[in-house]
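A quick write-up on the structure given underneath.
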Amino acid sequence: MPRPAHLGRLEINFMQLDPVETSPDDARRYAELGVDRLLLHPLPLEDPADVEAFLQRHADLPC
C-alpha cells in the first residue's frame, strides 16, 4: 500500500548507540540505504574531553 501523499515523504532516522567510530564511507552507505538523518551518540558522556574528541573525529562526515 503506498504512503498517502498528504503525509509527505517518510523520513528515516538512525541513531547509532554503539561507540564504534563511523567513517565517511559508513555515512554514505546509510544515505544510500535511505537514511535521512544519522545521529551519532558519543559514549561515554562522563568526560567532556572525550565528547569533544568524539565530535572532532566526526566533524568531517558527509552531511
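FYI, side chains are in, hydrogens and waters are out, and symmetry mates aren't considered; it's all heavy atoms of this structure.
- The distance from the OG atom of S23 to the CZ atom of R29 is 6.0 Å, given to the nearest 0.5 Å.
- Listed by first and then second residue, the salt bridge (Lys or Arg N to Asp or Glu O under 4.0 Å) pairs that reach into residues 36-47 are R9-D36, E11-R37, sequence neighbours excluded.
- Once rounded to the nearest 0.5 Å, the distance linking CG of L55 with CG of D50 reads 11.0 Å.
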